[in-house]
Undergrad: 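Sending over a structure as C-alpha coordinates; questions will come in a sec.
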Number of protein chains: 2
Amino acid sequence: MLTETKTETLADPLDDVLGYQLRRAMLVTMTALTDSYEELDLKVSEAIILRFVGANPGCNQSAIGRALGVKRTNMVPIVAGLEARSLLIRPPADGRSNALFLTEAGKELLKHIQSAGDAIEQHFFGDIAPDTRNTLLELCRNVRAKAEGTFGLPGGSVNAITNP
Amino acid sequence: MLTETKTETLADPLDDVLGYQLRRAMLVTMTALTDSYEELDLKVSEAIILRFVGANPGCNQSAIGRALGVKRTNMVPIVAGLEARSLLIRPPADGRSNALFLTEAGKELLKHIQSAGDAIEQHFFGDIAPDTRNTLLELCRNVRAKAEGTFGLPGGSVNAITNP
DNA sequence: TATTGTTATACTCTATAACTATA
DNA sequence: TATAGTTATAGAGTATAACAATA
(Lines give C-alpha, C1' and ligand atoms only; values in the text may rest on other atoms or scores of the structure.)
Protein backbone atom coordinates (compact mmCIF):
# COMPACT_ATOMS: atom_id res chain seq x y z
CA MET A 1 0.00 0.00 0.00
CA LEU A 2 1.36 3.33 -1.01
CA THR A 3 1.81 6.09 1.46
CA GLU A 4 -0.07 9.04 0.15
CA THR A 5 2.37 11.77 -0.72
CA LYS A 6 0.74 15.15 -0.60
CA THR A 7 1.55 16.48 -4.03
CA GLU A 8 1.12 20.14 -3.64
CA THR A 9 1.12 20.94 -7.30
CA LEU A 10 -1.50 23.39 -8.28
CA ALA A 11 -2.89 23.45 -11.76
CA ASP A 12 -1.45 26.50 -13.47
CA PRO A 13 -4.12 28.11 -15.64
CA LEU A 14 -1.49 30.42 -17.11
CA ASP A 15 0.89 27.69 -18.11
CA ASP A 16 0.37 28.38 -21.79
CA VAL A 17 -0.03 32.14 -21.60
CA LEU A 18 3.03 33.57 -23.26
CA GLY A 19 2.73 37.02 -21.73
CA TYR A 20 2.63 35.50 -18.28
CA GLN A 21 5.49 33.09 -18.82
CA LEU A 22 7.65 35.80 -20.32
CA ARG A 23 6.95 37.93 -17.31
CA ARG A 24 7.92 35.14 -14.93
CA ALA A 25 11.13 34.58 -16.82
CA MET A 26 11.89 38.30 -16.81
CA LEU A 27 11.44 38.45 -13.07
CA VAL A 28 14.06 35.76 -12.70
CA THR A 29 16.59 37.68 -14.75
CA MET A 30 15.75 40.93 -13.01
CA THR A 31 16.27 39.32 -9.61
CA ALA A 32 19.65 38.05 -10.76
CA LEU A 33 20.52 41.49 -12.06
CA THR A 34 19.42 43.11 -8.81
CA ASP A 35 21.57 40.74 -6.80
CA SER A 36 24.52 41.26 -9.09
CA TYR A 37 24.38 45.05 -8.97
CA GLU A 38 23.97 44.92 -5.23
CA GLU A 39 27.64 43.97 -5.05
CA LEU A 40 28.37 47.31 -6.71
CA ASP A 41 26.00 49.03 -4.28
CA LEU A 42 23.78 49.97 -7.18
CA LYS A 43 20.15 49.52 -7.95
CA VAL A 44 19.21 48.37 -11.41
CA SER A 45 17.79 51.80 -12.17
CA GLU A 46 21.04 53.48 -11.16
CA ALA A 47 23.11 51.08 -13.23
CA ILE A 48 20.97 51.62 -16.30
CA ILE A 49 21.10 55.39 -15.94
CA LEU A 50 24.87 55.30 -15.62
CA ARG A 51 25.01 53.26 -18.81
CA PHE A 52 22.87 55.85 -20.58
CA VAL A 53 24.98 58.74 -19.36
CA GLY A 54 28.09 56.87 -20.43
CA ALA A 55 26.64 56.44 -23.91
CA ASN A 56 25.25 59.96 -24.09
CA PRO A 57 27.59 62.34 -22.34
CA GLY A 58 26.07 65.78 -21.89
CA CYS A 59 22.46 64.71 -22.10
CA ASN A 60 20.02 65.85 -19.45
CA GLN A 61 18.12 63.70 -17.01
CA SER A 62 14.70 64.30 -18.53
CA ALA A 63 15.89 62.90 -21.84
CA ILE A 64 17.10 59.77 -20.10
CA GLY A 65 13.81 59.52 -18.32
CA ARG A 66 11.96 59.66 -21.61
CA ALA A 67 14.18 57.01 -23.11
CA LEU A 68 13.64 54.73 -20.14
CA GLY A 69 10.02 55.52 -19.44
CA VAL A 70 10.85 56.99 -16.06
CA LYS A 71 9.04 60.21 -15.25
CA ARG A 72 11.31 63.17 -14.75
CA THR A 73 9.91 63.61 -11.28
CA ASN A 74 11.27 60.20 -10.37
CA MET A 75 14.62 60.84 -12.01
CA VAL A 76 15.42 63.53 -9.47
CA PRO A 77 16.37 61.44 -6.43
CA ILE A 78 18.19 58.86 -8.53
CA VAL A 79 20.41 61.34 -10.34
CA ALA A 80 20.92 63.34 -7.15
CA GLY A 81 22.07 60.17 -5.43
CA LEU A 82 24.53 59.37 -8.20
CA GLU A 83 25.88 62.89 -8.06
CA ALA A 84 26.20 62.70 -4.28
CA ARG A 85 28.32 59.58 -4.77
CA SER A 86 30.48 61.45 -7.27
CA LEU A 87 29.64 59.00 -10.03
CA LEU A 88 28.45 61.81 -12.29
CA ILE A 89 28.44 65.58 -12.46
CA ARG A 90 25.78 67.87 -13.87
CA PRO A 91 27.01 71.29 -14.79
CA PRO A 92 24.28 73.60 -16.15
CA ALA A 93 23.74 73.20 -19.89
CA ASP A 94 21.52 76.22 -20.13
CA GLY A 95 19.51 78.03 -17.52
CA ARG A 96 17.10 75.20 -16.92
CA SER A 97 18.83 71.94 -17.75
CA ASN A 98 21.98 70.20 -16.66
CA ALA A 99 24.41 68.23 -18.78
CA LEU A 100 25.23 64.85 -17.28
CA PHE A 101 28.74 63.44 -17.47
CA LEU A 102 30.30 60.47 -15.77
CA THR A 103 33.20 61.21 -13.45
CA GLU A 104 36.31 59.07 -13.63
CA ALA A 105 34.87 57.01 -10.79
CA GLY A 106 31.65 56.72 -12.74
CA LYS A 107 33.50 55.55 -15.84
CA GLU A 108 35.41 53.02 -13.80
CA LEU A 109 32.21 51.72 -12.23
CA LEU A 110 30.58 51.57 -15.64
CA LYS A 111 33.05 48.90 -16.71
CA HIS A 112 31.95 46.71 -13.81
CA ILE A 113 28.32 47.44 -14.57
CA GLN A 114 28.80 46.26 -18.13
CA SER A 115 30.68 43.14 -17.04
CA ALA A 116 27.98 42.23 -14.55
CA GLY A 117 25.27 42.84 -17.11
CA ASP A 118 27.07 40.77 -19.70
CA ALA A 119 27.44 37.90 -17.24
CA ILE A 120 23.72 37.84 -16.56
CA GLU A 121 22.93 38.06 -20.23
CA GLN A 122 25.32 35.22 -20.99
CA HIS A 123 24.00 33.08 -18.16
CA PHE A 124 20.37 33.30 -19.15
CA PHE A 125 20.53 33.88 -22.89
CA GLY A 126 23.97 32.75 -23.90
CA ASP A 127 22.78 29.44 -25.29
CA ILE A 128 20.20 30.92 -27.63
CA ALA A 129 20.89 30.46 -31.32
CA PRO A 130 21.63 33.73 -33.14
CA ASP A 131 18.59 33.55 -35.37
CA THR A 132 16.33 32.78 -32.44
CA ARG A 133 17.87 35.71 -30.70
CA ASN A 134 17.09 38.00 -33.60
CA THR A 135 13.54 36.68 -33.70
CA LEU A 136 13.20 37.56 -30.04
CA LEU A 137 14.57 41.05 -30.44
CA GLU A 138 12.20 41.66 -33.30
CA LEU A 139 9.33 40.32 -31.24
CA CYS A 140 10.20 42.83 -28.55
CA ARG A 141 10.20 45.66 -31.04
CA ASN A 142 6.85 44.53 -32.39
CA VAL A 143 5.30 44.34 -28.95
CA ARG A 144 6.47 47.82 -28.09
CA ALA A 145 5.26 49.11 -31.43
CA LYS A 146 1.84 47.66 -30.68
CA ALA A 147 1.63 49.67 -27.50
CA GLU A 148 0.51 52.65 -29.51
CA GLY A 149 -2.02 50.45 -31.27
CA THR A 150 -5.46 49.29 -30.32
CA PHE A 151 -5.01 49.67 -26.63
CA GLY A 152 -4.11 53.32 -26.90
CA LEU A 153 -1.59 53.34 -24.13
CA PRO A 154 0.00 56.60 -23.10
CA GLY A 155 3.52 56.55 -24.47
CA GLY A 156 5.02 57.93 -21.32
CA SER A 157 3.99 55.28 -18.87
CA VAL A 158 4.34 52.29 -21.10
CA ASN A 159 7.78 51.29 -20.23
CA ALA A 160 9.28 52.10 -16.91
CA ILE A 161 12.37 50.14 -16.28
CA THR A 162 13.44 50.12 -12.74
CA ASN A 163 11.49 47.80 -10.53
CA PRO A 164 12.23 44.05 -10.59
CA MET B 1 19.79 75.96 -45.67
CA LEU B 2 18.19 73.43 -43.45
CA THR B 3 16.58 74.37 -40.23
CA GLU B 4 18.23 72.35 -37.55
CA THR B 5 15.75 69.90 -36.12
CA LYS B 6 16.63 68.93 -32.62
CA THR B 7 16.76 65.18 -32.89
CA GLU B 8 16.43 64.05 -29.34
CA THR B 9 17.43 60.49 -29.93
CA LEU B 10 19.72 59.13 -27.31
CA ALA B 11 22.03 56.27 -28.07
CA ASP B 12 20.63 53.20 -26.36
CA PRO B 13 23.46 51.12 -24.90
CA LEU B 14 20.97 48.36 -24.12
CA ASP B 15 19.55 48.14 -27.60
CA ASP B 16 20.98 44.68 -28.11
CA VAL B 17 20.57 43.37 -24.58
CA LEU B 18 17.91 40.72 -24.78
CA GLY B 19 17.08 40.72 -21.08
CA TYR B 20 16.47 44.42 -21.19
CA GLN B 21 14.41 44.39 -24.36
CA LEU B 22 12.29 41.52 -23.09
CA ARG B 23 11.66 43.46 -19.94
CA ARG B 24 10.60 46.55 -21.85
CA ALA B 25 8.24 44.47 -23.95
CA MET B 26 6.82 42.81 -20.86
CA LEU B 27 6.12 46.16 -19.28
CA VAL B 28 4.08 47.09 -22.32
CA THR B 29 1.93 43.99 -22.05
CA MET B 30 1.58 44.38 -18.29
CA THR B 31 0.42 47.95 -18.69
CA ALA B 32 -2.17 46.81 -21.22
CA LEU B 33 -3.28 44.07 -18.86
CA THR B 34 -3.51 46.51 -15.96
CA ASP B 35 -5.65 48.87 -18.01
CA SER B 36 -7.85 46.06 -19.23
CA TYR B 37 -8.50 44.63 -15.77
CA GLU B 38 -9.19 48.09 -14.47
CA GLU B 39 -12.48 47.94 -16.32
CA LEU B 40 -13.34 44.94 -14.16
CA ASP B 41 -12.18 46.85 -11.07
CA LEU B 42 -9.43 44.30 -10.57
CA LYS B 43 -5.73 44.51 -10.14
CA VAL B 44 -3.60 42.08 -12.10
CA SER B 45 -2.72 40.28 -8.89
CA GLU B 46 -6.39 39.85 -8.03
CA ALA B 47 -7.23 38.59 -11.49
CA ILE B 48 -4.43 36.04 -11.44
CA ILE B 49 -5.41 34.78 -8.02
CA LEU B 50 -9.02 34.39 -9.12
CA ARG B 51 -7.80 32.35 -12.08
CA PHE B 52 -5.79 30.11 -9.76
CA VAL B 53 -8.71 29.59 -7.39
CA GLY B 54 -10.92 28.81 -10.36
CA ALA B 55 -8.45 26.19 -11.54
CA ASN B 56 -7.79 24.82 -8.05
CA PRO B 57 -10.99 24.95 -6.03
CA GLY B 58 -10.40 24.21 -2.37
CA CYS B 59 -6.73 25.18 -2.30
CA ASN B 60 -5.46 27.53 0.36
CA GLN B 61 -3.98 30.94 -0.11
CA SER B 62 -0.46 29.99 0.93
CA ALA B 63 -0.30 27.40 -1.83
CA ILE B 64 -1.32 30.01 -4.38
CA GLY B 65 1.27 32.35 -2.97
CA ARG B 66 3.94 29.70 -3.43
CA ALA B 67 2.86 29.05 -7.00
CA LEU B 68 2.95 32.75 -7.81
CA GLY B 69 5.97 33.74 -5.76
CA VAL B 70 3.88 35.96 -3.52
CA LYS B 71 4.65 35.70 0.18
CA ARG B 72 1.80 34.47 2.28
CA THR B 73 1.97 37.63 4.33
CA ASN B 74 1.13 39.60 1.20
CA MET B 75 -1.63 37.24 0.17
CA VAL B 76 -3.67 38.23 3.20
CA PRO B 77 -5.03 41.62 2.12
CA ILE B 78 -5.58 40.48 -1.46
CA VAL B 79 -7.63 37.42 -0.56
CA ALA B 80 -9.45 39.33 2.16
CA GLY B 81 -10.40 41.96 -0.39
CA LEU B 82 -11.72 39.35 -2.81
CA GLU B 83 -13.75 37.75 -0.04
CA ALA B 84 -15.11 41.14 1.01
CA ARG B 85 -16.33 41.60 -2.55
CA SER B 86 -17.99 38.16 -2.43
CA LEU B 87 -15.87 36.88 -5.31
CA LEU B 88 -14.67 33.94 -3.24
CA ILE B 89 -15.37 32.21 0.03
CA ARG B 90 -12.93 30.54 2.38
CA PRO B 91 -14.49 28.04 4.71
CA PRO B 92 -12.01 26.40 7.09
CA ALA B 93 -10.30 23.35 5.60
CA ASP B 94 -8.73 22.30 8.84
CA GLY B 95 -8.01 24.23 11.97
CA ARG B 96 -5.39 26.43 10.41
CA SER B 97 -6.09 26.73 6.71
CA ASN B 98 -9.01 27.80 4.61
CA ALA B 99 -10.26 26.27 1.38
CA LEU B 100 -10.79 28.85 -1.32
CA PHE B 101 -13.72 28.62 -3.70
CA LEU B 102 -15.10 31.06 -6.22
CA THR B 103 -18.64 32.24 -5.63
CA GLU B 104 -21.07 32.38 -8.52
CA ALA B 105 -20.16 36.04 -8.92
CA GLY B 106 -16.51 35.04 -8.90
CA LYS B 107 -17.08 32.42 -11.58
CA GLU B 108 -18.96 34.91 -13.69
CA LEU B 109 -16.18 37.46 -13.33
CA LEU B 110 -13.61 34.81 -14.16
CA LYS B 111 -15.08 34.51 -17.64
CA HIS B 112 -14.47 38.19 -18.25
CA ILE B 113 -10.99 37.90 -16.77
CA GLN B 114 -10.16 35.14 -19.21
CA SER B 115 -11.63 37.04 -22.16
CA ALA B 116 -9.67 40.14 -21.29
CA GLY B 117 -6.50 38.13 -20.86
CA ASP B 118 -7.03 36.33 -24.13
CA ALA B 119 -7.53 39.63 -25.93
CA ILE B 120 -4.23 40.99 -24.65
CA GLU B 121 -2.47 37.77 -25.52
CA GLN B 122 -3.93 37.82 -29.00
CA HIS B 123 -3.10 41.46 -29.54
CA PHE B 124 0.54 41.19 -28.61
CA PHE B 125 1.37 37.58 -29.45
CA GLY B 126 -1.36 36.50 -31.83
CA ASP B 127 0.82 36.84 -34.91
CA ILE B 128 3.61 34.62 -33.67
CA ALA B 129 4.11 31.39 -35.56
CA PRO B 130 3.31 28.28 -33.49
CA ASP B 131 6.85 26.92 -33.55
CA THR B 132 8.28 30.29 -32.56
CA ARG B 133 5.75 30.36 -29.79
CA ASN B 134 6.89 26.99 -28.53
CA THR B 135 10.49 28.11 -28.71
CA LEU B 136 9.60 31.07 -26.57
CA LEU B 137 7.76 29.02 -23.99
CA GLU B 138 10.70 26.67 -23.76
CA LEU B 139 13.04 29.61 -23.40
CA CYS B 140 10.96 30.82 -20.47
CA ARG B 141 11.14 27.42 -18.82
CA ASN B 142 14.90 27.33 -19.32
CA VAL B 143 15.38 30.79 -17.85
CA ARG B 144 13.37 29.90 -14.78
CA ALA B 145 15.23 26.62 -14.43
CA LYS B 146 18.49 28.53 -14.48
CA ALA B 147 17.39 30.58 -11.50
CA GLU B 148 18.49 27.78 -9.24
CA GLY B 149 21.78 27.61 -11.12
CA THR B 150 24.97 29.58 -10.79
CA PHE B 151 23.39 32.61 -9.28
CA GLY B 152 21.95 30.65 -6.38
CA LEU B 153 18.77 32.63 -6.13
CA PRO B 154 16.40 31.93 -3.29
CA GLY B 155 13.54 29.99 -4.78
CA GLY B 156 10.94 31.94 -2.93
CA SER B 157 11.64 35.41 -4.09
CA VAL B 158 12.55 34.66 -7.64
CA ASN B 159 9.23 35.13 -9.20
CA ALA B 160 6.68 37.45 -7.80
CA ILE B 161 3.98 38.19 -10.25
CA THR B 162 1.88 41.13 -9.48
CA ASN B 163 3.45 44.48 -10.11
CA PRO B 164 3.54 45.88 -13.65
C1' DT C 1 8.86 21.30 14.76
C1' DA C 2 6.69 23.04 10.61
C1' DT C 3 2.71 25.29 8.62
C1' DT C 4 -1.27 28.69 8.21
C1' DG C 5 -3.12 32.95 8.81
C1' DT C 6 -2.40 37.32 10.68
C1' DT C 7 -0.68 42.22 12.14
C1' DA C 8 2.52 45.77 11.86
C1' DT C 9 5.91 47.97 9.45
C1' DA C 10 9.49 49.53 6.15
C1' DC C 11 11.32 49.96 1.57
C1' DT C 12 11.11 50.61 -3.48
C1' DC C 13 9.15 52.07 -7.68
C1' DT C 14 5.54 54.60 -9.75
C1' DA C 15 2.05 58.43 -10.17
C1' DT C 16 -0.10 63.07 -9.80
C1' DA C 17 -0.19 67.83 -8.57
C1' DA C 18 1.97 71.99 -8.02
C1' DC C 19 5.76 75.26 -7.98
C1' DT C 20 9.94 77.85 -9.98
C1' DA C 21 12.84 79.18 -13.55
C1' DT C 22 14.05 79.31 -18.24
C1' DA C 23 13.59 78.65 -23.62
C1' DT D 1 3.43 78.22 -24.18
C1' DA D 2 6.42 74.40 -23.47
C1' DT D 3 10.34 72.47 -21.05
C1' DA D 4 13.66 71.27 -16.92
C1' DG D 5 14.22 70.53 -12.35
C1' DT D 6 12.16 70.18 -8.03
C1' DT D 7 9.12 69.09 -3.79
C1' DA D 8 5.54 66.72 -1.58
C1' DT D 9 2.62 63.01 -1.46
C1' DA D 10 -0.03 58.89 -2.45
C1' DG D 11 -0.43 54.24 -4.21
C1' DA D 12 0.99 49.50 -5.18
C1' DG D 13 4.06 45.55 -4.50
C1' DT D 14 7.37 43.41 -1.79
C1' DA D 15 10.15 42.44 2.50
C1' DT D 16 11.03 41.03 7.43
C1' DA D 17 9.73 40.17 12.16
C1' DA D 18 6.70 38.51 15.28
C1' DC D 19 2.60 36.20 17.07
C1' DA D 20 -1.28 32.61 17.80
C1' DA D 21 -3.33 28.45 16.53
C1' DT D 22 -2.94 24.07 14.54
C1' DA D 23 -0.75 19.79 12.10
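In what follows, chains carry the letters A, B, and so on, assigned in the order in which the sequence lines appear, proteins first and then strands, with residues in each chain numbered from 1. As the structure is a prediction and not an experimental result, all values here were calculated from the model.
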Undergrad: Starting at CD1 of A:I64 and ending at P of D:dT3, how long is that distance when rounded to a whole Å?
TA: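 So the CD1-P distance, A:I64 to D:dT3, works out to 18 Å.
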Undergrad: Going by the rule side chain to side chain contact (heavy atoms under 4.5 Å, CB included), which residues pair with A:A47 if we only count those two or more places apart in sequence or in a different chain?
TA: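 With neighbours one apart ignored, the set is A:Y37, A:L42, A:I113.
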Undergrad: Which whole-number value in Å describes the distance from B:Y37 OH to D:dA12 P?
TA: 18 Å
Undergrad: Residues two or more places apart in sequence or in another chain: which of them pass side chain to side chain donor-acceptor pair (under 3.5 Å) with A:D127?
TA: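 Result, side chain to side chain donor-acceptor pair (under 3.5 Å) vs A:D127: B:K146.
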Undergrad: Which whole-number value in Å describes the distance from A:L27 CG to D:dA15 P?
TA: 10 Å
Undergrad: Looking at residues at least two apart in the chain, or sitting in another chain, which of them share a side chain to side chain donor-acceptor pair (under 3.5 Å) with A:S97?
TA: A:D94
Undergrad: Output one letter per nucleotide in nucleotides 16-23 of chain C: B when a protein non-hydrogen atom lies under 4.0 Å from the base, S when only the sugar-phosphate is that close, - when neither is.
TA: BB----BS
Undergrad: By salt bridge (Lys or Arg N to Asp or Glu O under 4.0 Å), which residues pair with A:R90, not counting sequence neighbours?
TA: A:E83
Undergrad: Report all side-chain donor-acceptor pairs from residues 135-142 of chain B shorter than 3.5 Å, counting only partners two or more places apart or in another chain.
TA:
{"from": "B:T135", "atom 1": "OG1", "to": "B:D131", "atom 2": "O", "distance (Å)": "2.8"}

Undergrad: CE of A:M30 versus P of C:dT12: gap in Å, rounded?
TA: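 Atom CE in A:M30 sits about 15 Å away from atom P in C:dT12.
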Undergrad: Would you kindly give the CE-to-C1' distance between A:M26 and D:dG13, to the nearest whole Å?
TA: 19 Å
Undergrad: Would you mind reading off the distance between B:E38 atom CD and D:dG11 atom P, rounded to a whole angstrom?
TA: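 Checked: the CD to P distance equals 14 Å.
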Undergrad: Can you find a side chain N or O atom of B:S97 that sits less than 4.0 Å from OP1 or OP2 on D:dA23?
TA: no
Undergrad: Which residues pass the salt bridge (Lys or Arg N to Asp or Glu O under 4.0 Å) test with B:E104, sequence neighbours left out?
TA: B:K107
Undergrad: When the distance from CE of B:M75 to C1' of D:dA15 is rounded to whole Å, what number comes out?
TA: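 After rounding, the gap between these two atoms is 16 Å.
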Undergrad: Could you tell me whether the phosphate oxygens of D:dG13, OP1 or OP2, come under 4.0 Å of any side-chain nitrogen or oxygen in B:S45?
TA: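 Checking D:dG13 against B:S45, a side-chain N or O does come within under 4.0 Å of OP1 or OP2.
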Undergrad: So which heavy atom on B:I120 is nearest to which on B:S36, and how close?
TA: CD1-CB, 4.2 Å
Undergrad: So, are A:D15 and A:R24 salt-bridged, with charged N and O less than 4.0 Å apart?
TA: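 Result for this pair is no, no salt bridge flagged.
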Undergrad: Got a sec? Which of residues 80-92 of chain B come in under 4.0 Å of DNA chain D, heavy atoms?
TA: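 None, since no heavy atom is under 4.0 Å.
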Undergrad: Go through the structure and list residues passing side chain to side chain contact (heavy atoms under 4.5 Å, CB included) with B:T103, not counting sequence neighbours.
TA: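 Testing B:T103 for side chain to side chain contact (heavy atoms under 4.5 Å, CB included), a comparison that skips the adjacent residues, returns B:I89, B:A105.
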Undergrad: For A:R96, give me all partners under salt bridge (Lys or Arg N to Asp or Glu O under 4.0 Å), at least two apart in sequence or on another chain.
TA: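 None.
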Undergrad: Heavy atoms within less than 4.0 Å of DNA chain D: which residues of residues 51-61 of chain A have one? Give them sorted by number.
TA: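 Here the set is A:N60, A:Q61.
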Undergrad: What residues, two or more places apart in sequence or in another chain, satisfy salt bridge (Lys or Arg N to Asp or Glu O under 4.0 Å) together with B:D41?
TA: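 Partners of B:D41 under the salt bridge (Lys or Arg N to Asp or Glu O under 4.0 Å) test: B:R85.
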